[in-house]
Amino acid sequence: MKTKVNKIKDISGITGLFLIVFSCVVSLCSTDIFPHALFVLWLICLLFYVGYPKQSGIYLIIYIITFVWLFYLVPIGIEFPSPMIMGMLYKFIIPFIAANLLLNIPSGKVIAIFQKMPFRNITLILIIMIRFAPTVAGEFGTVMEAMTIRGFLGDAKKVFLHPLKTLEYAIVPMIFRSIKTGDELSAAAVIKGVDNPCKKESYYSNRFGYFDYFIIIISTGIGILAIFN
């Protein structure tokens with residue numbers, strides 16, 4: 001666990017933002033399937049290296065399934081599930097992997113970038129969004145674990161026969177926990193002086209290291225190949 005955290009902390013917040021923006025560009029502009037596949041494999045390897053083998057394996061399986069379905073099964077007449085859905089997965093898997101990397105980078109690194117922006121109101125909104133999303137995701141995991149322990153998710157038959165009741169067991173706790181989380185984040189922000197107009201300093205440093213340069217150079221090279229090939 002410690003190794004995983006140390007590796008992801010080696011990536012700068014600027015590098016994470018670059019990956020998400022550049023991945024969207026590559027996803028929209030790439031036309032050749034092989035450079036596109038190379039870029040996907042590069043991001044999966046990067047996700048695996050920083051300590052998330054389970055997520056990288058899931059993305060690899062999803063990509064293989066969508067690739068085989070679109071380019072080998074659809075041409076012979078197999079069109080279920082919908083090629084449009086599979087095409088969306090194929091197109092958006094690159095931003096999804098980059099977003100996974102960005103969300104696993106300590107949020108303080110990303111917030112430190114936005115704190116230097118001159119537009120204070122927009123910066124505050126972005127900071128709240130970046131802090132709130134991972135916190136709610138963690139809370140949702142806790143709710144799901146509690147539901148499993150109480151037997152609400154352990155029986156697939158029960159979930160299938162009573163979907164609305166199952167959804168209620170998940171949504172109601174999430175609403176109250178989200179309200180509580182929002183109050184706690186607001187109180188923490190006020191205590192840390194978020195409404196103070198003075199210049200803010202961050203605990204995290206966004207200095208570029210060798211790993212950041214390596215990621216940007218490799219990503220740019222493969223991305224240009226995917227866009228212009």
Could you list the residues that satisfy ring-ring contact (aromatic ring centres under 6.0 Å, His included) with Phe34, not counting sequence neighbours?
none
Can you name the ring-ring contact (aromatic ring centres under 6.0 Å, His included) partners of Phe211, sequence neighbours left out?
Tyr49
Test of understanding: clusters of I, L, V, M, F, W, Y form through side-chain heavy atoms closer than 4.5 Å, transitively. Do [X] and [Y] belong to the same one?
X	Y	value
Tyr52	Phe48	no
Leu43	Leu17	yes
Ile76	Ile64	yes
Val21	Phe39	yes
Leu38	Ile62	yes

Begin from the C-alpha positions of Ile97 and Ser23 and carry the test side chain to side chain contact (heavy atoms under 4.5 Å, CB included) through to its verdict.
CA-CA 9 Å; Ile97 302 173; Ser23 294; over 6 Å; no
Only residue of Asn104, Ile215, Ile11 satisfying side chain to side chain contact (heavy atoms under 4.5 Å, CB included) with Val50 is Ile11
Looking only at heavy atoms, which two atoms of Ile33 and Tyr63 are closest? And how far apart?
O-OH, 4.1 Å
Of all heavy-atom pairs linking Val26 and Ala226, the shortest is CG1-CB, 4.0 Å
If the condition is side chain to side chain contact (heavy atoms under 4.5 Å, CB included), which residues does [X] pass it with, not counting sequence neighbours?
X	result
Ile65	Ile61, Met86
Tyr72	Phe67, Val68
Leu41	Leu60
Phe18	Phe22, Ile216, Ser219, Thr220

Just verifying a value: how many Å separate [X] [atom1] and [Y] [atom2], rounded to the nearest 0.5 Å?
X	Y	atom1	atom2	answer
Ile85	Leu70	CD1	CG	11.5 Å
Leu19	Trp42	CG	CH2	8.0 Å
Phe228	Ser30	CZ	OG	12.0 Å

Would you say Leu46 and Leu101 make side-chain contact, with heavy atoms under 4.5 Å?
yes
Side chain to side chain donor-acceptor pair (under 3.5 Å): which pairs involve residues 53-62, sequence neighbours left out?
Tyr59-Asn100
Listed once per pair and sorted, the side chain to side chain donor-acceptor pair (under 3.5 Å) pairs that draw on residues 87-96, sequence neighbours left out:
His36-Tyr90
Using the side chain to side chain donor-acceptor pair (under 3.5 Å) criterion, which residues pair with Asp212? Sequence neighbours excluded.
Thr15
